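Note that the numbering runs from 1 along the sequence shown for the chain. Being a predicted model, the structure only gives us computed values, none of them experimental.
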Amino acid sequence: MQTGVLFGGQGGQNINMVQHLYQTLSEYRQVIDQASQILGYDMQLKMIDEQALQTTKYTQPIVVAHSYGLYKSAQKFIPTPMMGLGLSLGEYTALIAAESIDFETGLKIVAKRGKLMQEAVATTKGAMAALIADDLRPINHKLRELQAQGLSIYPANYNSSQQLVIGGVPSDLEQAILILEELKLCRVVKLNVAGAFHTPLLVSAQTEFNNYLKKVVFKEPKFTVYSNTTQQPFKANTLTDTLVKQLISPTFFAQALEDSVNTQDINQLIEFGPDSTLTKFARKTVAKDIKRYSIFNQISFAKVQGEFTNGN
């Protein structure tokens, strides 16, 4: 089986995702303990702290450590991946899994990224909303019209062919939502987030993050990892530029997933993360005969392990 691995991003984290994992999976426990040593605080306690889970500087390392711990635990029964793809923050987990960077380096990068993003959103006060529609093209056209009229709203996440997340200045976003709903172009779900991620409102985080990443030595990934930003495989010599650009650029997860699955002839996908969001996106993006598995907590881990052990 040609296997692709998916790594979730920030947003689905919850205190129930870690229940029993630390006690039952030695590989998971080793990753979490290592994370505590690297970052200088008790990662296990942060993972069951509601406030920490909603604080970007903690959330991002928590999600990466959790996702990578699940991946390391599952390596004993899943095939070696041919392809990796993460949503936003999940790209760092994918790069760690593909050994482009080691876990310590990757976690330190993510901690720095989270801190800078939190500082940026504290000053910009952005907001986000998910737009759901059968056809996103009229929405994109209307967004361009509204931008031309001076509204600070931007496409942020192309999650599937039917879902687009937008972000921007709160008052402008509210105005755009009213117009989109009046035109009946989509269903709107406002998101409870700290700021407008993947939009130009985070530009203040770029310079310091770029300077930090320039000190990192990236290796070529051992399996192909696709960028949401460029929709192309990551290359060691351009990783810094791409990851810095990612902060203020929209993610094209759906397009990158479709391209990577077709290019690599992938016939099964395994998601690791705080929830099963990417598996749901994949259901709307890739062919229905591609098998999809999601590992996000102890129950889902045991279920997927059983399916692979019993003859997948």
Side-chain angles (χ1 to χ4, degrees), residues 3-14 17-18 21 25 27-28 30-32 34-36 38-39 43 46-47 53 56-75 78 80-114 117 157 159 197-198 209 213 216 218-229 233-234 236 239 242-243 246-247 251 253 256-257 260 269-279 281-282 293-297 300-301 304:
T3 301
V5 286
L6 308 177
F7 295 96
Q10 184 176 346
Q13 65 278 356
N14 62 85
M17 69 185 187
V18 304
L21 288 171
L25 299 177
E27 298 90 347
Y28 184 89
Q30 289 169 8
V31 169
I32 302 307
Q34 186 181 357
S36 298
I38 293 167
L39 299 177
M43 174 65 75
K46 293 293 185 189
M47 297 174 88
L53 286 173
T56 300
K57 70 176 183 179
Y58 294 124
T59 303
Q60 297 198 7
I62 285 172
V63 169
V64 168
H66 173 70
S67 304
Y68 186 61
L70 289 173
Y71 172 75
K72 290 295 288 183
S73 301
Q75 276 188 304
I78 66 170
T80 300
M82 298 294 294
M83 175 277 286
L85 180 64
L87 176 58
S88 184
L89 173 67
E91 293 188 330
Y92 291 86
T93 320
L95 290 168
I96 294 168
E99 299 181 34
S100 179
I101 44 177
D102 59 51
F103 178 61
E104 179 174 357
T105 300
L107 200 63
K108 287 180 177 178
I109 292 173
V110 166
K112 182 69 171 180
R113 179 182 186 265
M117 289 176 69
N157 308 103
N159 290 329
F197 302 114
H198 296 291
F209 192 52
L213 287 183
V216 177
F218 292 100
K219 301 177 183 177
E220 292 297 336
K222 289 197 172 179
F223 55 80
T224 304
V225 178
Y226 281 77
S227 162
N228 293 175
T229 307
F234 278 111
L239 258 164
T242 302
L243 293 176
Q246 186 219 57
L247 288 175
T251 63
F253 179 80
L257 177 60
S260 60
L269 295 166
I270 309 170
E271 176 184 2
F272 301 91
D275 59 13
S276 58
T277 294
L278 303 189
T279 301
F281 291 160
Y293 305 90
S294 184
I295 299 177
F296 53 93
N297 59 16
S300 59
F301 184 93
V304 175

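For the side-chain hydrogen bond (donor to acceptor under 3.5 Å, both in side chains) with Q60, the lone residue among K112, Q13, R113 that qualifies is R113. Partner E271 forms a side-chain contact (heavy atoms from CB on, under 4.5 Å) with one of L70, L6, V5 and no other, that one being L6.
Side-chain contact between L95 and F234 is present, with at least one heavy-atom pair separated by less than 4.5 Å. The shortest distance between side-chain heavy atoms of Y226 and P233 falls below 4.5 Å. Within the 4.5 Å cutoff, the side chain of I270 has no heavy atoms near those of the Y71 side chain. Looking only at side-chain heavy atoms (C-beta outward), V216 and L239 stay at 4.5 Å or farther from each other. For the pair I109 and L243, the minimum side-chain heavy-atom distance is 4.5 Å or more. Residues M117 and L247 are in side-chain contact: their nearest non-hydrogen atoms beyond the backbone lie under 4.5 Å apart. In this structure, N297 and S300 have side chains that are in contact, with non-hydrogen atoms separated by less than 4.5 Å. Using a 4.5 Å heavy-atom threshold, the side chains of T279 and Y293 count as separate.
Counting only distance, with no hydrogens or angles, the side chain of N157 and the backbone of N159 share no donor-acceptor pair below 3.5 Å. For N14 (side chain) and G12 (main-chain N/O), a donor-acceptor pair under 3.5 Å exists by modelled atom type. Judged by distance alone, with hydrogens and angles left aside, the side-chain atoms of S100 form no donor-acceptor pair with the main-chain N or O of F218 at under 3.5 Å. At least one donor-acceptor pair closer than 3.5 Å links the side chain of N228 to the backbone N or O of G86.
Contact detail for P81 and F223: the closest heavy-atom pair is O-CB, 3.5 Å. Across all their heavy atoms, T242 and S227 have their closest contact at CG2-OG, 3.4 Å. For P61 against L107, the heavy-atom pair with the smallest separation is O-CD1, 3.7 Å. The shortest heavy-atom contact between E27 and S73 is CB-OG, 3.6 Å. Taking both residues in full, the closest heavy atoms of G8 and S67 are given as O-OG, 4.4 Å, listed atom of the first, atom of the second, then distance. Shown here for I295 and A74, the closest heavy-atom pair between the two residues is CD1-CB, 4.3 Å.
Taking the six-membered ring wherever Trp is involved, the centroid distance between the rings of Y28 and F301 does not fall below 6.0 Å.
T229 and Q246 share no donor-acceptor pair across their side chains, judged by distance under 3.5 Å alone. No side-chain donor from either of E104 and Q34 sits under 3.5 Å from a side-chain acceptor of the other.
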Given M47 and I32, is the side chain to side chain contact (heavy atoms under 4.5 Å, CB included) satisfied, shown in steps? CA-CA 10 Å; M47 297 174 88; I32 302 307; 3.9 Å; yes

Mind running side chain to side chain contact (heavy atoms under 4.5 Å, CB included) on E91 and V225 for me, showing each step along the way? CA-CA 8 Å; E91 293 188 330; V225 178; 5.7 Å; no

Quick one, L278 with L269, criterion side chain to side chain contact (heavy atoms under 4.5 Å, CB included). Give me CA distance, side-chain angles, the key distance, then yes/no. CA-CA 10 Å; L278 303 189; L269 295 166; over 6 Å; no

Verdict with supporting geometry, F197 and T56, side chain to side chain contact (heavy atoms under 4.5 Å, CB included): CA-CA 11 Å; F197 302 114; T56 300; 4.2 Å; yes

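Taking OG1 of T224 as the reference point, atom CG of L85 lies at 11.5 Å (rounded to 0.5 Å). Of the inter-residue distances, the one linking T59 atom OG1 with Q10 atom CD reads 5.0 Å to the nearest 0.5 angstrom.
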